[in-house]
Amino acid sequence: MKGSMNPNKGILKYEAGIRKFSLSRHAPSEDLRFFVKHYWLLQWDLRGQAPHTQEVLQHPGVNVVIEHGASRICGITSGKSTHVLQGKGQIVGVLFRPGAFRGFIQSPASALTDRVVEVADCFDIDTAAFEEALFALENDEAKIAFVERLLRRHIPERDDTVDTLNEVIDCIIRDRHITKVEQLAEQFGITKRTLQRWFNEYVGVSPKWVIMRYRMHEAAELIESGADPLQAAMALGYADQAHFCKDFKAAVGKTPKQFARTGT
């Protein structure tokens, strides 16, 4: 069974969240497509309302997040991440292709896993001045062009291993029946040990983690659309529903039934 390519996968309870914020995604310019998966622009105005807590199962890519007074570089969060939106604000984010941010830090991507660092740690800028200049721009295209000028000043050489790893990850996304690293190793003619080493060095997490993360993206979407846990488990190739429920709770923090009962 082939997985769909819903760009909102990973944003848990997205239909409820979109009533609290607006989100748009934008493709990078041709010269940056090797490095950048997409830009994401988030805006919210919750003045006079309760804060909104948004849960996310992150994709396996580093994010550069530009936000007034809170800009940061976010490595991959191995568990579920939680973001609180309150008052009024906006973010211009850059999601890098899996493995592509390694060239910017010139060290193993695993050094950023479960970490948040300052933008100035990787980019030679005055962060506060950059924020002011960026958010003074009125339209999305101008903001993206401004961020792209920053990226071009720091762009590293391309590394062909990044493309190979993205082919592997695209295969994981497309085919729900891939549940083991050995299947990928056989399909791509790469040893299991080499895959594990490359993922640790370039992506920051294991290939098994990536498989599990995309299966849980699928699972959350199926349950949100009304599938019961048994249906979801079968669709994702689980022979044992208890094993599926254990994996889901480890990723999401709730059992599938608890997750289905939470508000939409």
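Values in this document were obtained by computation on a predicted structure and should not be read as measured data.
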Crowding at CG, Asp240 (>12 non-hydrogen neighbours, <6.0 Å): yes

Distance-minimising heavy-atom pair for Leu222 and Arg176: CD2-NH2, 4.3 Å

Derivation of the side-chain contact (heavy atoms from CB on, under 4.5 Å) call for Arg213 and Val205: CA-CA 11 Å; Arg213 178 51 52 101; Val205 289; over 6 Å; no

Non-hydrogen side-chain atoms of Ser78 and Asp114 separated by less than 4.5 Å: yes

Any donor-acceptor N/O pair, His243 side chain to Tyr238 backbone, under 3.5 Å: no

Polar side-chain atom of Glu132 near backbone of Ala129 as donor-acceptor pair, under 3.5 Å: no

OH on Tyr214 to CD1 on Ile169, rounded to 0.5 Å: 6.0 Å

Contact summary for Leu57 and Ala251, nearest pair of heavy atoms: CD2-O, 3.4 Å

Within 6.0 angstrom of Glu186 CD, more than 12 heavy atoms from elsewhere: no

Over all atoms of both residues, closest heavy-atom pair of Arg215 and Ile178: NH1-O, 2.9 Å

Contact list for residues 101-113, test side chain to side chain donor-acceptor pair (under 3.5 Å), sequence neighbours left out: Arg102-Glu201

CD1 on Ile76 to OG on Ser81, rounded to 0.5 Å: 11.5 Å

Gln58 side chain vs Gly79 backbone, donor-acceptor pair below 3.5 Å: no

Pairs touching residues 23-35 that satisfy salt bridge (charged side-chain N to carboxylate O under 4.0 Å, His left out), sequence neighbours left out: Glu30-Arg33, Asp31-Arg152

Distance in Å, Gln43 CD paired with Phe21 CZ, rounded so as to fall on 0.5 Å steps: 12.5 Å

Shortest non-hydrogen contact between Val65 and Cys74, atoms and distance: CG2-SG, 4.1 Å

Residues, nucleotides or ligands: over 12 heavy atoms within 6.0 Å of Glu182 CD: yes

Check: Asp228 side chain, Leu230 main-chain N or O, donor-acceptor pair, under 3.5 Å: yes

Check: Ile155 and Leu32 side chains under 4.5 Å, non-hydrogen atoms: yes

Single-linkage hydrophobic cluster, 4.5 Å side-chain cutoff, Ile144 and Ile73 together: yes

Check: Phe96 ring centroid to Phe104 ring centroid under 6.0 Å: yes

Leu150 backbone acceptor or donor facing His154 side chain under 3.5 Å: yes

Donor-acceptor under 3.5 Å (Asn200 side chain, Gln196 main chain): no

Side-chain (Lys20) to main-chain (Thr53) donor-acceptor, under 3.5 angstrom: no

Donor-acceptor under 3.5 Å (His38 side chain, Leu95 main chain): no

Exceeds 12 heavy-atom contacts within 6.0 angstrom, atom NZ of Lys37: no

Distance (rounded to the nearest 0.5 Å) between Tyr14 OH and Lys9 NZ: 13.5 Å

Neighbour count above 12 (heavy atom, 6.0 Å) for Asp124 CG: no

Hydrophobic cluster identity match, Val62 and Trp198, side-chain contacts under 4.5 Å: yes

Nearest heavy atoms of Phe244 and Pro256, plus distance in Å: CE2-CG, 3.8 Å

Straight-line distance of Leu184 CG to Glu167 CD, nearest 0.5 Å: 12.5 Å

Same apolar cluster (I L V M F W Y, side chains within < 4.5 Å links), Leu42/Val147: no

Closest approach of Arg97 to Val162 (non-hydrogen atoms, all atoms of both residues): NH1-CG1, 4.1 Å

4.5 Å side-chain heavy-atom contact, Leu41 and Ser24: yes

Sub-4.5 Å side-chain heavy-atom contact between Leu134 and Glu131: no

Atom pair CG (Leu112) and CG (Asn63), whose distance is rounded to the nearest 0.5 Å: 11.5 Å

Criterion side-chain contact (heavy atoms from CB on, under 4.5 Å) on Phe259 and Lys13, from CA distance to verdict: CA-CA 9 Å; Phe259 181 73; Lys13 301 295 183 179; 3.8 Å; yes

Side-chain heavy atoms of Gln86 within contact of Leu46, under 4.5 Å: no

Pro229 vs Phe248 side-chain heavy atoms within contact, under 4.5 Å: no

Phe135 vs Ile66 side-chain heavy atoms within contact, under 4.5 Å: yes

Test item: Lys180 side-chain N/O and Lys208 main-chain N/O as donor-acceptor pair under 3.5 Å: no

Residues Asp159, Tyr202; criterion side-chain contact (heavy atoms from CB on, under 4.5 Å); working and verdict: CA-CA 10 Å; Asp159 185 332; Tyr202 285 84; 2.6 Å; yes

Within one Ile-Leu-Val-Met-Phe-Trp-Tyr cluster: Phe123 and Val94, side-chain cutoff 4.5 Å: yes

N/O donor-acceptor pair under 3.5 Å between Lys80 side chain and Val252 backbone: yes

Donor + acceptor pair across side chains of Ser29, Glu148 (<3.5 Å): yes

side-chain contact (heavy atoms from CB on, under 4.5 Å) evaluation trace for His52 with Arg19: CA-CA 10 Å; His52 171 69; Arg19 296 196 288 268; over 6 Å; no

Hydrophobic cluster identity match, Phe35 and Phe146, side-chain contacts under 4.5 Å: yes

pair Phe130-Val119: side-chain heavy atoms closer than 4.5 Å: no

